[in-house]
Amino acid sequence: MLRYLLKRLILMIPMLLGITLISFAVIHLAPGEPDVVGAEMNPKVTKQMREQIRSLYGLDKPLYTQYYMWLKRFVKLDFGTSFTPDRRPVIDKIKERLPITISINFLSMILIFFIGIPIGVYCARYKDSIMDKAFTTFVFAGYAMPYFWLALLLMMFFGVYLELLPISGLKSFNYDELSAVGKILDMLKHLILPVCVSAFGGLAGISRYMKNGLLEVLRQEYITTAYAKGLPESMVLKKHALRNALLPVITILGFSVPGLIGGSVIFETIFAIPGMGQLFYMSVMSRDYPTIMGILVIGAFLTLLGNLLADLFYAIADPRIRIG
Amino acid sequence: MTLRKAFVLLILLLFLVTCGPKKEQGFYDDPGKPAYGDTMITASIGEASCLIPILASDSASHEIAGYVYNGLVKLDKNLNIVGDLAESWDISKDNLTFTFHLKKGVKWHDGKPFTAHDVMYTYKVIIDPKTPTPYSSDFREVKEAKVIDDYTFQVTYNKPFAPSLISWGTSMLPKHLLEGKDITKSSLIRKPVGTGPYVFKEWISGDRVVLIANDTHFEGKPFIARHVIKVIPDSATMFLELKNNAIDSMSLTPLQFTKQTNYPAFKREFNRFQYLSFTYVYFGYNLKHQFFKDKRVRQAISHAINKQEIIDGILLGQGIEATGPYKPDMWVYNKNVKKYEYSKEKALVLLKEAGFEKGPDGMLSKDGKPLEFTILVNQGNDVRIRCAELIQQRFKDIGISVKIRVVEWASFINEFIDKRNFEAVILGWTISSSDPDIYDVWHSSKQGSKELNFMSFENKEVDELLVKARHTFDKNERKRYYDRIQEILAEEQPYTFLFIPYANLAIHKRFKGIEPAPAGISYNIFTWYVPEEQRRYKSNVAISP
């Protein structure tokens with residue numbers, strides 16, 4: 001087991017290097033230059049000043065030198081400083097936004113699992129009933145609906161017409177003046193819409209997995225045996241069927257690890273949530289290479305780690321595929 | 001079941017916390033008396049990047065810096081240069097030396113006095129090659145700068161240069177906090193210290209910047225006690241927040257102005273203001289193109305474009321026709337230039353003179369070459385794309401076949417404009433509010449890569465006039481030069497000047513003392529006030545530092 005783990009971890013290194021190389025090449029292939037070099041079409045910015053700024057940021061060097069310099073810092077786990085004029089370390093920028101994105105994604109994931117799994121179970125148990133069809137329509141509507149549109153409608157309804165929920169942001173304007181309970185309530189109020197909207201889109205996947213998984217298990221002979229023993233239906237479902245049907249969910253969990261830190265751009269933009277998606281989008285738009293690389297590398301690392309974790313947990317949960 | 005109960009409870013609770021009193025009709029109509037207090041909340045699409053303005057090139061940073069810092073000079077509501085940190089200034093007879101007399105008793109936000117040494121430091125740091133600033137070009141013309149005494153600062157230039165006076169409107173930086181340190185690593189980038197009417201309080205990344213009134217400001221404490229600039233990256237969300245009264249001001253699109261805010265409940269809460277923005281949109285030609293070399297073709301196209309239709313149809317009436325590179329309420333504007341009214345007949349006559357004949361299919365051609373070209377527009381600018389579509393239709397009417405190509409901004413500049421790889425473009429310029437100098441766009445020497453005369457305009461007389469005008473300080477004499485330049489541009493039509501849009505702004509009605517002027521609206525923001533009985537944010541908790 002330990003050897004397997006070690007092997008997988010070592011294999012991750014060349015993979016990660018390859019990812020950084022490709023990412024670095026691709027982001028430099030895009031036309032345009034970092035915003036710091038000077039706004040395009042600005043009469044105040046002369047050519048000479050552009051050159052000067054370019055050399056201050058090391059952008060005048062050939063691409064392979066730039067990559068080498070980046071790599072040299074990266075092996076020391078230093079992501080460098082951002083190309084925005086505030087010159088803050090990339091890691092600080094990410095640290096500041098990571099908790100927000102993670103908590104929203106985490107909450108919405110919990111919501112997805114807590115609503116999606118029961119829907120899936122219900123749909124499998126009462127297959128082809130009217131409620132099954134209604135639930136299926138509901139989750140697919142959520143999957144198919146452009147959520148920026150849904151978000152705007154909900155904001156309009158709950159925010160402007162009912163004046164029930166705040167429209168955007170994470171904290172009220174007078175957050176500092178609230179009591180401790182008020183602060184929590186305030187945050188919760190701000191989180192309701194974003195978490196619900198983002199969870200709505202994810203229901204389809206998990207409930208479908210759950211339904212199909214359960215249906216397959218229900219066809220197995222040991223289920224027939226369980227029924228034949230005269231066990232009550234709830235017992236059969238809970239004890240025998242559900243446990244086995246939940247196995248693929250572990251894989252999905254593993255795959256959702258990188259998703260936890262990747263915020264959605266459109267979503268965060270609409271709700272004015274200062275999360276990772278926004279940071280990434282803004283960095284791309286201003287060609288802030290160090291920040292883009294930082295986020296990509298962390299994302300790549302978490303994807304690899306997520307896959308590994310999924311494999312490991314699978315092995316722990318399912319004796320059939322345990323590795324020696 | 002318990003979960004459901006908890007949820008119902010939560011919803012009920014939310015109902016309770018969000019109840020608020022509604023104001024009656026006319027509550028905000030009373031102008032009241034000026035009073036200190038209240039908070040103004042505005043929103044910005046992008047987040048500020050850096051609050052040392054010489055290092056930042058984004059408008060969000062400069063807007064906030066405008067509250068925190070002062071320059072030596074500034075523009076008044078009619079765009080005249082007046083003193084800010086400078087009490088007065090003398091210009092020597094040869095126009096080469098400026099002597100600034102600084103206001104006495106001005107203090108930095110940390111209590112230290114502001115002196116000529118700070119001005120000297122600011123100048124030195126701007127021209128320092130290690131400072132990554134895009135704004136040093138004006139200051140590189142300085143031959144000598146010296147501190148005469150604590151309150152007198154003198155600069156001498158190599159040659160007289162009219163735009164140099166307003167360049168001293170740049171934000172003055174505190175020497176005592178910055179000298180000897182690397183400015184790019186200074187803490188002032190996130191916590192600025194200036195002399196301005198507002199003191200920086202906090203910056204929550206990605207969320208908001210909070211400023212509070214400076215009690216000891218040399219022009220008096222501003223009435224509005226606190227100013228909050230929130231980041232709301234989506235304009236639809238921002239508009240909902242405005243309707244919800246969560247932000248106090250926002251600039252409106254033509255559609256929002258004419259349709260979506262034109263109902264009583266909105267007008268009860270908000271005043272809407274309108275003034276000419278400092279931008280114009282133009283239809284530009286590649287003057288090296290075989291057809292566009294001929295002035296008559298350009299004039300014909302100007303006649304073939306229906307500007308009023310563009311303004312009515314796309315801007316919903318929120319703009320005026322442009323005739324040149326300035327807007328009508330500026331002193332430099334020349335209203336007696338040649339105008340090109342919409343006329344198919346005139347366009348056809350001019351094209352015929354230029355040698356174009358209508359073929360059997362109704363399309364124009366010259367020596368077998370059909371008059372067809374591509375209009376290049378940048379992605380994301382809906383107004384320009386729709387302009388191109390209207391223009392395409394009008395051209396088709398007279399037999400010009402036009403294609404439209406929409407390109408992402410970075411490749412638009414790098415692959416097409418910089419490489420002169422275009423036939424016609426629709427683009428816009430910002431009109432400088434500080435100085436009418438347009439040398440960079442129109443002088444024939446500015447045709448290099450990344451320079452702004454990308455349509456390759458060359459006119460000897462314009463070249464001479466541009467140089468004379470930027471070396472002349474006398475306003476009347478300068479105006480004569482610029483008048484002539486505008487006449488030539490109108491005759492030559494190197495661009496077809498399309499329109500100047502209005503800036504539309506909604507501001508909450510409790511703010512009084514707002515007067516739109518040629519300089520825009522925010523020039524007197526520090527004298528806006530909220531009468532005491534109309535105050536919304538009464539709490540002072542967050543105001544005390």
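So that the names make sense, note that chain A is the first sequence line, chain B the second, and so on, each numbered from 1.
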Among the listed options B:Thr184, B:Asp234, B:Asp207, the residue most often paired with chain A at heavy-atom distances under 4.5 Å: B:Asp234
Selection from B:Ala43, B:Cys50, B:Ala48, B:Gly46 maximising heavy-atom pairs under 4.5 Å formed with chain A: B:Cys50
Under 3.5 Å side-chain donor-acceptor pair for B:Ser432 and B:Asp435: no
Distance-only donor-acceptor check, side chains B:Ser205 and A:Arg97, under 3.5 Å: no
Is it the backbone or the side chain of [X] that comes under 4.5 Å from a heavy atom of chain A, or both, or neither?
{"X": "B:Thr430", "result": "neither"}
{"X": "B:Thr131", "result": "backbone"}
{"X": "B:Ile41", "result": "side chain"}
{"X": "B:Val231", "result": "backbone"}

Side chain to side chain, B:Leu240 and A:Met156, heavy atoms closer than 4.5 Å: yes
Plane angle bin for A:Phe138 and A:Phe200 - parallel if under 30°, tilted between 30 and 60°, otherwise perpendicular: tilted
Whether A:Phe83 and A:Tyr57 hold their rings parallel, tilted or perpendicular, with breakpoints at 30° and 60°: perpendicular
Pairs of heavy atoms under 4.5 Å with chain B: top-ranked of A:Ile266, A:Ile270, A:Ile167: A:Ile167
